[in-house]
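Note on naming: letters A, B, ... go to the chains in the order of the sequence lines (proteins, then strands), and numbering restarts at 1 for each one.
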Protein chains: 2
Amino acid sequence: MSLTHAILTSLLERPCTGAELARRFDKSLGYFWQATHQQIYRELGAMERDGLVAARGLPSTRGQQRHFEVLEAGTAELLDWCGGQGEPRPIRDELMVRIRASAVLGTVDVTRELRRHQGLHEETLQRYQLIDAKDFPPAVNRSAADELQRAVLQAGIAFERSWLAWCAQTLHDLSHAAQQP
Amino acid sequence: MSLTHAILTSLLERPCTGAELARRFDKSLGYFWQATHQQIYRELGAMERDGLVAARGLPSTRGQQRHFEVLEAGTAELLDWCGGQGEPRPIRDELMVRIRASAVLGTVDVTRELRRHQGLHEETLQRYQLIDAKDFPPAVNRSAADELQRAVLQAGIAFERSWLAWCAQTLHDLSHAAQQP
DNA sequence: TAAGTCATGTAACGAGTTACATGATTGA
DNA sequence: TCAATCATGTAACTCGTTACATGACTTA
């Protein structure tokens, strides 16, 4: 499961608490994997049981901070998984279902929702571009690790651009469609 | 939930059995929403209980074909949902986690997996383009419904192209990265 | 009539979401 | 000390996947 490996990766970069992990998933990790704090605590619990990570100090108590770090077995697990394979996920987007539904219903206007998505993707793109400018200033020769980190962000940027181009094209095509079927 | 509405949409286009629905999800519906036959039967059962769809003839029996059609309440539900809003889903891709993991581990080569994905996206793109050529031959003035149907397919095509461009760029960047961090 | 296939269905589990609860810490 | 906030945690539910089971139909 990828959440385990995303957590291992983040903890390897720097050990931290569950809440800090949740914050990272809201920020930099968020553009390629998401998780709520409930998922994270549940997963951390399972990983602790399995001996992949360990909390420094106290046993599990409400309200008490617990700093997690990756154990050897955790690194081994990540290494093993990282060299493996996984299939790409096809799109699964509600907006597409709405569009198909409106095609069969014939009476619903989806252009409003389309424009709204356009705005949302606009915002996301700007956010990603800001991170890109801040974290990856122009350089002649980046390290392999930097290049890999940047690649993930670039994927996010590419997708947002792709969405925006599609939104614009679709709005254009729809405005030129025949009024009567 | 979108599966309900995807099923309603497909049944409105043409009533059919659960197995036929599963086949449609494997084909044309599949490029924007996926579902296995188990999910579909479960959902059809729930929708039948809720009075959104009805099976012509027999009560539920193993092995016996059951043709479903949309009831008025089903059309009403779809109409209502279709005019609503939904947030775009951020990417959640295993490959991205692998890349980030390999960045922190430093010893795993992901270019092999990257190239494999490139091939897979190549195939998917070709499949979509074939559907496009077959279902939407060049026309001066398409109906709104056709334009909407085509928009969904175009989104799939745009994404595959985006993936391919990203794969190529990333492989290029990685080959030029500094050998020593 | 036996083998193979098709349509339907059940069971169990894993992943993700939503709502809520409780102990610790901070600062007015 | 009271309120607000933070970190952690529980419970219940939905969605999705995997594995398997069974009745009907086809055809060799």
Side-chain angles (χ1 to χ4, degrees), chain A residues 1-8 10-11 15-26 29-30 32-50 53-68 81 86-94 97, chain B residues 1-8 10-11 15-26 29-30 32-50 53-68 81 86-94 97:
Chain A
M1 203 253 305
S2 294
L3 179 54
T4 309
H5 303 106
I7 290 177
L8 284 172
S10 192
L11 284 181
C16 66
T17 67
E20 168 64 19
L21 265 178
R23 258 177 261 118
R24 291 188 199 168
F25 272 97
D26 273 347
L29 291 178
F32 63 96
W33 204 268
Q34 302 81 44
T36 60
H37 83 266
Q38 291 89 339
Q39 259 185 291
I40 292 166
Y41 284 121
R42 194 205 305 182
E43 200 60 31
L44 278 174
M47 293 165 75
E48 193 178 12
R49 273 201 313 280
D50 296 347
V53 299
R56 266 185 307 206
L58 332 142
S60 183
T61 333
R62 274 178 201 269
Q64 204 67 260
Q65 275 201 352
R66 309 183 70 221
H67 282 261
F68 285 91
W81 174 84
E87 300 319 300
R89 292 210 189 174
I91 341 174
R92 194 177 236 179
D93 198 293
E94 220 177 272
V97 182
Chain B
M1 204 251 308
S2 295
L3 179 54
T4 308
H5 304 105
I7 290 177
L8 285 172
S10 192
L11 284 181
C16 67
T17 66
E20 167 64 19
L21 265 178
R23 259 177 260 119
R24 291 189 199 167
F25 272 97
D26 272 347
L29 290 178
F32 63 94
W33 203 269
Q34 301 81 42
T36 61
H37 83 265
Q38 291 89 340
Q39 257 185 293
I40 290 165
Y41 285 121
R42 194 204 303 182
E43 200 62 29
L44 278 174
M47 290 164 76
E48 194 179 11
R49 273 201 315 280
D50 296 349
V53 298
R56 266 185 307 206
L58 332 141
S60 183
T61 332
R62 274 179 200 267
Q64 204 67 261
Q65 275 201 352
R66 310 183 69 221
H67 282 261
F68 285 91
W81 174 83
E87 299 320 300
R89 291 210 188 173
I91 340 174
R92 195 178 237 179
D93 197 292
E94 220 177 274
V97 182

Provide, to the nearest angstrom, the distance between the NE2 atom belonging to B/His37 and the C1' atom belonging to C/dA11.
-> 13 Å
Using whole Å, report how far CG of A/Asp26 lies from P of C/dT17.
-> 12 Å
Intermediate values then yes/no, side-chain contact (heavy atoms from CB on, under 4.5 Å), A/Val97 and B/Trp81 = CA-CA 10 Å; A/Val97 182; B/Trp81 174 83; 3.7 Å; yes
For B/Arg56 and C/dT8, what is the distance between atoms CZ and P respectively, to the nearest whole Å?
-> 13 Å
Between CG of B/Leu3 and CZ of B/Arg42, what distance do you get to the nearest 0.5 Å?
-> 9.5 Å
Return the value, rounded to whole Å, for the distance between atom CZ of A/Phe25 and atom P of C/dG16.
-> 10 Å
Atom pair CZ (B/Phe32) and OG (B/Ser2), whose distance is rounded to the nearest 0.5 Å | 10.0 Å
B/Arg24 CZ to B/Cys16 SG distance, which is reported to the nearest 0.5 Å = 3.5 Å
Rounded to the nearest 0.5 angstrom, the CH2-CG distance for A/Trp33 and B/Asp93 is 7.5 Å
Using a 4.5 Å cut-off on heavy atoms from C-beta on, say whether the side chain of B/Leu44 contacts that of B/Leu21.
-> yes
Restricting to nitrogen or oxygen on both sides, can you table the protein-nucleotides 13-18 of chain D pairs closer than 3.5 Å?
| unit_1 | atom_1 | unit_2 | atom_2 | d |
| --- | --- | --- | --- | --- |
| D/dG16 | OP1 | A/Arg92 | NH1 | 3.4 |
| D/dG16 | OP2 | B/Gln39 | NE2 | 2.8 |
| D/dG16 | O5' | B/Gln39 | NE2 | 3.2 |
| D/dG16 | N7 | B/Arg42 | NH1 | 3.3 |
| D/dG16 | N7 | B/Arg42 | NH2 | 3.0 |
| D/dG16 | O6 | B/Arg42 | NH2 | 3.1 |
| D/dT17 | OP2 | B/Gln39 | OE1 | 3.3 |
| D/dT17 | O4 | B/Arg42 | NH2 | 2.8 |

Look for any protein N or O under 3.5 Å of an N or O in nucleotides 3-7 of chain C and output each such pair with its distance, or none.
| unit_1 | atom_1 | unit_2 | atom_2 | d |
| --- | --- | --- | --- | --- |
| C/dA7 | OP1 | B/Arg23 | NH2 | 3.1 |
| C/dA7 | OP2 | B/Arg23 | NH2 | 2.9 |

Atom pair CD1/CD of B/Ile91 and A/Gln34 - distance to nearest 0.5 Å = 8.5 Å
Given atom CD1 of B/Ile40 and atom P of C/dT10, what is their separation to the nearest angstrom?
-> 16 Å
So how far is it from B/Arg89 CZ to A/Arg89 CZ, rounded to the nearest 0.5 Å?
-> 9.0 Å
